[in-house]
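The structure appears right after this line, and notes come after that.
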2 protein chains.
Amino acid sequence: MSDGVAERSRPRDRILETAQDMFHKHGIKGVGVDAITEAAGTNKMTLYRHFESKDELVVECLRATAAKASRIWDEFEARHPGDKLAQLHAWVQKASELLSADSRGCDMANAAVELTEADHPARRVIKELKEAQREKLVALCRDAGIGQAELLADTLSLLLEGARVSMQSVGAEGPSAQFVRMAESLIASFRAR
Amino acid sequence: MSDGVAERSRPRDRILETAQDMFHKHGIKGVGVDAITEAAGTNKMTLYRHFESKDELVVECLRATAAKASRIWDEFEARHPGDKLAQLHAWVQKASELLSADSRGCDMANAAVELTEADHPARRVIKELKEAQREKLVALCRDAGIGQAELLADTLSLLLEGARVSMQSVGAEGPSAQFVRMAESLIASFRAR
DNA sequence: CTAGGGTGTTACCGGTCTGTAACTTTCAGA
DNA sequence: TCTGAAAGTTACAGACCGGTAACACCCTAG
């Protein structure tokens, strides 16, 4: 029997990891708990012993995704200690990697599109985590010595968000193909002010 | 009895209009055909006499949405005949209006996020219609006398796409609030080259 | 007045979904 | 070796889904 996920980890971890992957690939409403547990090599009862509901599982998946993203920021600091401008360029580079291949975009943005109920528990965490990422990018721009740090950070955010959703509509050869050029020339232009 | 949609139109038109509205508000997978027909003041059999399947209804809705969007471009030309630069600024203005209130973003981009199956009939039309819009914007930039018309058009596209999805994650007070400023300063900068 | 197409109504099919109950198996630690 | 918690198994409930069949109705064109 094959089992996409490491066999010797605990069921809860396997469920979480498998759910992240399947939600990303097929969307949240596009995959049922049965499919997740089967792919994780376990069963539905075990899932419901660890997670109150599918909605709670979604929330945990988003938190896990955000935690992974957070680790990338540590990488920037580790790779270019103290050099905030280099870290900003590393951000652009890392962002562009998210645009290659057949990625299905940002899990949090996708979840926000899919979960239309205003009071869905996931909406809280999506907003929190997106705002946290925004503040990190603003701080990075500011510490890199850029004057209008908020404006540059927000512009870069929208460009990346747009590129990731554009890819899903028209593919990687669409407008998102120019992301790096746009971002770099924006940074240069803001630095020159 | 109330009935959101004009009573004295033909069932097919009422279904199409109601479906557009409900797909936009609740997502495609978030609304069933029963709910659509009931809101349209008709019944499921009538829907299936006019549309082969729900998927085909989705396709027709997207086409209708694109047709509406296409009419906006005619408005630009009518309002500023021959003045392509004014039309470009009108585009920015119109785009910013899409970012106010509680809009749920672009129906086509949302559909692309929601419909993950690679061979879903809607994916074809989404790509076609998005590419058509892109070419329109490129032509507008070029005719407005901008040198790197493709790059400006793609940048503006990504900014708008990003703003519309960002709104769904963090609301209208997030990065999308600066859209007009970003777009206008981009246009100015491209014009200066 | 009548014929016929568009529409409404009701009931149903088979499938899928989230979530639960009751029971059995496994396995690590004392 | 014994115990107890975690995990697996099977079956099921109740709701909803897309889609269809059969039949009654209305209303307009001839």
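Quick note on labels: first sequence line is chain A, next is B, and so on, each numbered from 1.
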Please report the distance, rounded to the nearest Å, between [atom1] in [X] and [atom2] in [N].
| X | N | atom1 | atom2 | value |
| --- | --- | --- | --- | --- |
| A:Glu38 | C:dC17 | CD | P | 11 Å |
| B:Ile36 | D:dC17 | CD1 | P | 10 Å |
| B:Ile15 | C:dG6 | CD1 | P | 14 Å |
| A:His50 | C:dG19 | NE2 | P | 16 Å |
| A:Met45 | C:dT26 | CE | P | 18 Å |
| A:Ile28 | C:dT18 | CD1 | P | 12 Å |
| B:Asp34 | D:dT20 | CG | P | 14 Å |
| B:Tyr48 | D:dG18 | OH | P | 6 Å |

*A:Pro11 side-chain proximity, nearest of C:dT9, D:dG8, C:dG19*: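 So the nucleotide nearest the side chain must be D:dG8.
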*asked:* If you only use heavy atoms from C-beta on, which nucleotide in C:dA21, D:dG18, D:dG8 is closest to the side chain of A:Arg14?
replied: D:dG8
*If you measure from the Lys or Arg side-chain nitrogens to the Asp or Glu carboxylate oxygens, is any gap between A:Glu135 and A:Lys130 under 4.0 Å?*
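Judged by the 4.0 Å cut-off on N to carboxylate O distance, A:Glu135 and A:Lys130 do not form a salt bridge.
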_Whether A:Lys136 and A:Glu131 form a salt bridge (side-chain N of Lys/Arg under 4.0 Å from carboxylate O of Asp/Glu) is what I want to check._
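A:Lys136 and A:Glu131: not salt-bridged.
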_Once hydrogens and angles are ignored, does a donor-acceptor distance under 3.5 Å link the base of C:dG5 to the side chain of B:Arg49?_
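Checked by distance alone, the answer is no.
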*On a plain distance test, is the side chain of A:Lys54 in donor-acceptor contact with the base of C:dG19 below 3.5 Å?*
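Side chain to base: no pair below 3.5 Å.
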*Passing candidate, side chain to side chain donor-acceptor pair (under 3.5 Å) with B:Gln87, options B:His80, B:Glu77, B:Glu75*: B:Glu77
*Tell me whether the OP1 or OP2 atom of D:dG8 has a side-chain N or O from A:Thr46 closer than 4.0 Å.*
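Affirmative; the distance criterion is met.
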*Would you indicate, yes or no, if D:dG18 has its OP1 or OP2 atom less than 4.0 angstrom from a side-chain nitrogen or oxygen of B:Ser53?*
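No, no such contact exists.
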*Compute whether any side-chain donor of one residue and acceptor of the other, for B:Ser157 and B:Asp154, lie under 3.5 angstrom apart.*
no
*Is there a donor-acceptor pair under 3.5 Å between the side chain of A:Arg123 and the backbone N or O of A:Leu115?*
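Flag set: sc A:Arg123 to bb A:Leu115 pair under 3.5 Å.
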*Of B:Asn43 and A:Lys44, whose closest DNA chain C nucleotide lies nearer the 5' terminus?*
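That would be B:Asn43.
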